[in-house]
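Below: the structure, in structure tokens.
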Amino acid sequence: MSDLLNLRAVWGNRPLLSVGVSVLLQDETGRVLLQRRGDDGRWGTPGGGLNPGEDFLTAAHRELFEETGLRCPDLRLLPLAQGLVSGPDFHHRYPNGHEVYMVGARAHGHLTAAALAGAQPDDSGETLDLRWFPLDALPELSSNTNRASLTVLRARAGLAGLPLQPVPSPPPVGSHLLALRRLVGPQPLFAPGANVLITDDAGRLLLLRHAGTGLWTLPGGSLEPGESFEACARREAHEETGLTVAALEPLALSAGAAYRFTYPHGDVVDYVSVLYRAHGWTGPLTPQPEEVLETGWFGAADLPRPEDLSGALIRDHVGVWRDSLAAQQGGQPA
């Protein structure tokens with residue numbers, strides 16, 4: 001949370017995007033490990049914010065150890081359909097008045113009930129107590145993030161979901177990242193967002209040459225406070241291309257040191273991105289003139305050179321498309 005606290009000095013209590021991970025641990029009977037929090041006295045799963053350069057699984061292991069003193073060898077990120085956290089329901093106001101929209105992922109693992117005897121939370125005061133709870137006898141929970149996470153586990157056990165608490169309406173879509181930039185300058189900022197694989201009837205991939213970098217990229221961009229990853233993907237695809245995408249399938253979640261990007265004017269971002277595949281689209285291709293120099297439909301054999309793609313994130317996202325195309329063709333190189 002330290003990076004968010006640094007931003008508070010210039011941003012005040014207004015909503016910020018908090019990129020983090022929740023850790024869902026179950027024992028051999030299916031009970032879930034919950035932490036009584038030091039800030040509001042309520043219960044929730046272990047977890048917390050990513051540090052710059054961390055991926056979600058690394059952060060999950062670190063936060064689990066810091067808050068409980070425990071290590072979980074089989075900790076894994078949940079599949080994206082169950083594991084993504086984003087959207088207006090995940091607004092949270094801390095007792096000190098700071099407001100955030102939680103975005104990120106969920107990790108899941110197992111420990112024996114007896115492992116709790118070796119728990120040793122750090123001395124930060126974040127953890128007041130640790131206990132195992134049956135999924136059908138949960139205590140008072142802190143935040144919708146925890147309610148939604150425990151709903152995932154309850155659904156696996158055939159139990160009904162937990163109702164979410166009402167939240168304020170999100171702010172209107174604006175330019176959140178640019179507004180932060182005006183206050184903090186070029187320092188690294190997390191940039192959670194989404195990119196979209198859009199293909200034509202011939203199976204070619206749509207790429208855009210970005211006006212700010214001169215490099216080829218995928219349709220996509222940054223989340224606004226209260227926006228879900230999927231809503232961001234739809235909005236950015238329409239703004240940049242004029243196309244309205246139909247069904248969206250999440251394919252990959254990317255974060256970590258490899259995805260830091262420095263723009264030509266010096267601004268630095270740590271990308272946190274969900275890659276979606278669009279299953280169908282409508283509308284004429286009308287690229288946004290302020291951001292897009294040109295568009296192109298590319299087959300796997302005529303993609304731009306790696307150095308002409310906009311950084312490691314876009315190279316890896318295009319690689320996901322290329323690999324899926326090869327798999328569809330029976331494993332033969334495209």
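Heavy-atom basis, side chains included; hydrogens, waters and symmetry copies ignored.
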Please determine, by modelled atom types, if [X] and [Y] share a side-chain donor-acceptor pair under 3.5 angstrom.
X: S22; Y: R106; value: no
X: T58; Y: D55; value: yes
X: E28; Y: T112; value: no

Backbone of [Y] reached by a side-chain donor or acceptor of [X] within 3.5 Å:
X: E240; Y: A237; value: no
X: S228; Y: A231; value: yes
X: D323; Y: V320; value: no
X: N146; Y: T45; value: yes
X: D267; Y: Y263; value: no
X: T68; Y: A119; value: no
X: R8; Y: G12; value: yes
X: E249; Y: Y276; value: no

Do [X] and [Y] have side-chain heavy atoms sitting under 4.5 Å apart?
X: H176; Y: E224; answer: yes
X: L75; Y: V23; answer: yes
X: H210; Y: E291; answer: yes
X: L205; Y: D200; answer: no
X: L218; Y: L208; answer: no
X: L17; Y: V100; answer: no
X: L285; Y: L206; answer: yes
X: V318; Y: R315; answer: no

Are [X] and [Y] close enough for a salt bridge, meaning some N to O gap below 4.0 Å?
X: R14; Y: E99; value: no
X: E126; Y: R37; value: no
X: D129; Y: R131; value: yes

Q: Determine which pairs satisfy ring pair (Phe, Tyr, Trp, His ring centres under 6.0 Å) with at least one residue from residues 284-321, sequence neighbours left out, and list them in order.
A: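 Listed once each, the pairs are W216-F298, W281-W297.
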Q. Under the ring pair (Phe, Tyr, Trp, His ring centres under 6.0 Å) rule, what pairs show up with a residue in residues 38-64, not counting sequence neighbours?
A.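 Every ring pair (Phe, Tyr, Trp, His ring centres under 6.0 Å) pair that includes a residue of residues 38-64, provided the two are not neighbours, is W43-F133.
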Q: Report the residues that fulfil side chain to side chain donor-acceptor pair (under 3.5 Å) with D136, sequence neighbours left out, ordered by chain and then residue number.
A: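 Partners of D136 under the side chain to side chain donor-acceptor pair (under 3.5 Å) test: none.
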(Q) The criterion is side chain to side chain donor-acceptor pair (under 3.5 Å); which residues satisfy it with T282, sequence neighbours excluded? (A) none
Q) Does NZ or CZ of R71 fall inside the cone over F65's six-membered ring, less than 6.0 Å from its centre and within 45° of the axis? A) yes
Q. Ring centroid separation for Y94 and H92, is it under 6.0 angstrom?
A. yes
Q) Is the centre of the Y259 ring less than 6.0 Å from the centre of the F261 ring? A) no
Solution key, residues 182-197 side-chain donor-acceptor pairs under 3.5 Å, sequence neighbours excluded:
{"residue": "N195", "atom": "OD1", "partner": "S273", "partner atom": "OG", "Å": "3.2"}
{"residue": "N195", "atom": "ND2", "partner": "P219", "partner atom": "O", "Å": "3.4"}

Quick one: side chains of residues 150-170, donor-acceptor pairs under 3.5 Å with protein atoms, not counting sequence neighbours, listed by atom name and distance.
{"residue": "T151", "atom": "OG1", "partner": "R147", "partner atom": "O", "Å": "3.0"}
{"residue": "T151", "atom": "OG1", "partner": "L162", "partner atom": "N", "Å": "2.8"}
{"residue": "R154", "atom": "NE", "partner": "A160", "partner atom": "O", "Å": "2.6"}
{"residue": "R154", "atom": "NH1", "partner": "L135", "partner atom": "O", "Å": "2.5"}
{"residue": "R154", "atom": "NH2", "partner": "A160", "partner atom": "O", "Å": "2.9"}
{"residue": "R156", "atom": "NH2", "partner": "Q82", "partner atom": "OE1", "Å": "3.2"}

Q. Is it the case that one hydrophobic cluster holds both L275 and L78, taking links as side-chain heavy atoms less than 4.5 Å apart, direct or via other members?
A. no
